[in-house]
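Worksheet for the structure shown next.
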There are 2 protein chains.
Amino acid sequence: MSRPGRRATIIDVAARAGVSRQTVSRAMNDMPGISDETRDRVMAAAEELNYRPSRFGRGLVEQGPTTLGLVVGTLANHYFAELGAAVVRACAPHGWNVVLAEGEDSAHPEKAAADLSRRVDALVGYGVATAGIRGGGMPVVQLDGTAEHVPDVGVVELPREQAMTDLAAHLRERGARRPVVLDLGTDESAGRTRALVAALDGLVEDGQVPVRVVDARTGHPEALRAILAEGADTLVAFNDELAVRLLRALRRDGVAVPGDVRVTGVDGLEISTLVSPELTTLAIDIDEVAAVTVDLVAGMLAGRVPLRGEDAHRTVPYRLEVREST
Amino acid sequence: MSRPGRRATIIDVAARAGVSRQTVSRAMNDMPGISDETRDRVMAAAEELNYRPSRFGRGLVEQGPTTLGLVVGTLANHYFAELGAAVVRACAPHGWNVVLAEGEDSAHPEKAAADLSRRVDALVGYGVATAGIRGGGMPVVQLDGTAEHVPDVGVVELPREQAMTDLAAHLRERGARRPVVLDLGTDESAGRTRALVAALDGLVEDGQVPVRVVDARTGHPEALRAILAEGADTLVAFNDELAVRLLRALRRDGVAVPGDVRVTGVDGLEISTLVSPELTTLAIDIDEVAAVTVDLVAGMLAGRVPLRGEDAHRTVPYRLEVREST
DNA sequence: CTGAAAGCGCTAACAA
DNA sequence: TTGTTAGCGCTTTCAG
């Protein structure tokens, strides 16, 4: 190609094929008004140069669709994967594209989000701080954000307080007296774990609800046995992923649920209804979260909704879903 | 804004703030060499006009990262959702962005894929025909494609023959004699179902392996009871999603697995290890599928690999994963 | 600190 | 059937 190391452009192809840029465009886009012979020559030249049209040049003149960027902590977490799917679905009626990115694997999650913010028309983050992003007029929405984010970005808050209170009442009614909160030991899990401990505080006679850290992927069978040996009668897992793994570990050890010990999760993933026993959990309608978020973004893009402040604040609450595991 | 109905551009903002376009650029991008006063004035003008920089104009001059488009049938299927997550992960080391799209919900799946193909640097399709796309030099890869696609696009083939043969042998050894294949009744499921029937043919004494259509989301308890009443001793589900729902329905009816009936799935989703009994399935390493696919695309983009033909053909086989449900 | 000029790669509209 | 012209919106480079 004309400039080695650089990607071939329409000009390189035109030169090689001995035609004008416009003729190359006609050939590449299968447009009428070009002879077969010329087309073949152009296509051959394009192939030789490994030419691909730039989507930017094309988008500039064609006015491509709105693109929404979604940054989540890690797609290894099914909750984020389901959210991604829900957001894609919610964007489809608008004709928007969705760029999905993980914050966690990159060295600087905030950097990943900031980078992406320059390539999209709007940015949604969950489990990644978006508040610091200088969007330059671009809609930025923090999912699972709190009041403190409101001055900087749009916020969709997912309050769990009421559901946690309901959970505590439910567990009390079921006779639970020695709950243990199982944490993943990550930075993000800290806040939710604190909230769970606070909500369950009324259940225990003396002292505080203990917190134990277990492995996210295995549920850490040994740690689990130690916890049960200490007399725990209820395992309150940080999320459903962990809870279903705990259920598996308990099953393998022959521990009855909810007979010997109760188990609860958080998130309301579909999987919580497919395991045995079906899991009691704090659930949220992820399609509603996605719909509310996309609607908020749409309002911002249209200029109907401000980019920050109380008017850019939405709420979708968790609710208690009682099933077999308690 | 200057041209009503049209999105504001940097020129509109510059005019409104009484500065040059470059000064607007400096303000929007937080660059040095601009007075606070001017910056504020520009930002105010931008906000009033609901101005957002065009990602195309920006990308044109900045040479944005490679963007890969992934079109799947429907993200409601966990298999596709996990694939999406795996592809995002596999693209991260390259610094590529991923645009995720569903083909199924749009009226014309092929149209959705063709549209997306104009907005990305490479396209990967699964459960959606990509063969007809005139990529114009753009890498197009058909996932779960077959030899017939090879002349048109890159292909990652996911052969199930050997695994199905192994499954038949395994079931025979376990004493299965009356298998039933459970289909979803969709167009896409037909091929796999035929293959399952053929592979299991040797198990039955006389006649053919029967096929029954059941509901994807519920497993259709009534249909299931009828099937068992007919004497089926093995339920070969079209995929894991269906299989775990069958397990739930059987559990609720008090049918023992594998005691009363055996159950198998296809896909090897994580959920197949979390249910009880754990599911025997034809599994594939979805991270490997993603890695092979992304590597193929990378080769095409670099010009090392042709866009079609046998050299653009990869294979990742399914394998039999025997667990508790058989 | 601010502005003018150039050019990124492409396609639509018009001219030949 | 082919070529020419004129932008699309933005940032970079260079002048002031």
Side-chain angles (χ1 to χ4, degrees), chain A residues 1-3 5-42 45-46 49-67 117-121 136-138, chain B residues 1-3 5-42 45-46 49-67 117-121 136-138:
Chain A
M1 51 194 93
S2 62
R3 286 174 281 185
R6 262 183 112 310
R7 187 170 142 175
T9 76
I10 196 171
I11 295 189
D12 302 320
V13 178
R16 175 137 190 159
V19 298
S20 71
R21 301 183 292 176
Q22 183 55 14
T23 297
V24 175
S25 185
R26 279 190 269 257
M28 298 304 294
N29 296 301
D30 227 9
M31 298 164 77
I34 181 175
S35 69
D36 290 353
E37 183 200 357
T38 307
R39 183 197 315 284
D40 291 347
R41 191 151 39 90
V42 171
L49 294 174
N50 191 29
Y51 167 71
R52 289 157 285 127
S54 152
R55 68 177 191 282
F56 296 113
R58 189 174 264 168
L60 202 50
V61 50
E62 285 186 349
Q63 303 287 24
T66 294
T67 294
S117 78
R118 296 182 67 82
R119 312 277 161 233
V120 299
D121 300 304
M138 169 186 303
Chain B
M1 56 193 89
S2 61
R3 285 175 281 188
R6 264 184 111 307
R7 187 171 141 173
T9 75
I10 197 171
I11 295 189
D12 301 319
V13 178
R16 176 137 188 156
V19 298
S20 70
R21 304 186 290 176
Q22 297 63 26
T23 299
V24 175
S25 186
R26 279 189 270 259
M28 298 304 293
N29 295 301
D30 228 9
M31 299 164 76
I34 181 174
S35 69
D36 290 354
E37 183 200 358
T38 307
R39 182 197 317 283
D40 292 347
R41 191 152 38 93
V42 170
L49 294 174
N50 190 29
Y51 167 71
R52 289 157 285 127
S54 152
R55 68 175 192 283
F56 296 115
R58 191 173 260 170
L60 201 50
V61 47
E62 283 186 348
Q63 303 285 24
T66 294
T67 294
S117 79
R118 297 183 67 81
R119 313 277 161 231
V120 298
D121 301 304
M138 169 185 305

Next item on the list: Please report, rounded to the nearest Å, how far the P atom of C:dC1 is from the CG atom of B:Asp36.
Entry: 8 Å

Next item on the list: List the protein contact pattern of nucleotides 10-16 of chain D with one symbol per nucleotide (5' to 3'): B for base contact, S for sugar-phosphate-only contact, - for none; contact means a heavy-atom distance under 4.0 Å.
Entry: BBB----

Checklist line | DNA chain C: 5'-proximal contact among B:Leu60 and B:Gly33 (nearest heavy atom) | finding: B:Gly33

Check: Looking only at side-chain N and O atoms, does B:Thr23 come under 4.0 Å of OP1 or OP2 in C:dG3?
Finding: yes

Check: Rounding to a whole Å, what distance do you find between B:Ile34:CD1 and C:dG3:C1'?
Finding: 12 Å

Check: Does A:Arg41 reach the main-chain N or O of A:Ala17 with its side chain, forming a donor-acceptor pair under 3.5 Å?
Finding: yes

Note to self: For the helix from C:dC1-D:dG16 to C:dA16-D:dT1, what angle separates the axis at the start from the axis at the finish, each from five pairs, in steps of 10°?
What the structure shows: 40°

Check: Which heavy atom in A:Ile34 sits nearest to a heavy atom in A:Arg39, and how many Å separate them?
Finding: CG2-NH2, 3.3 Å

Margin query: For B:Gln22, give me all partners under side-chain hydrogen bond (donor to acceptor under 3.5 Å, both in side chains), at least two apart in sequence or on another chain.
Written below: B:Ser20

Next item on the list: Kindly write out the residues that satisfy side-chain hydrogen bond (donor to acceptor under 3.5 Å, both in side chains) with B:Arg118, not counting sequence neighbours, or none if the list is empty.
Entry: A:Asn29, A:Glu62

Next item on the list: Would you confirm whether A:Asp40, through its side chain, and A:Glu37, through its main-chain N or O, come within 3.5 Å as a donor-acceptor pair?
Entry: no

Item checked: With sequence neighbours excluded, residues passing side-chain hydrogen bond (donor to acceptor under 3.5 Å, both in side chains) with A:Thr67 -> B:Arg55

Next item on the list: Name all residues meeting the side-chain hydrogen bond (donor to acceptor under 3.5 Å, both in side chains) criterion together with A:Thr38; count only those two or more places apart in sequence or in a different chain, and write none if there are none.
Entry: A:Ser35

Margin query: Is it the case that the side chain of A:Arg119 and the backbone of B:Arg58 share a donor-acceptor pair, with hydrogens and angles ignored and the cut-off at 3.5 Å?
Written below: no

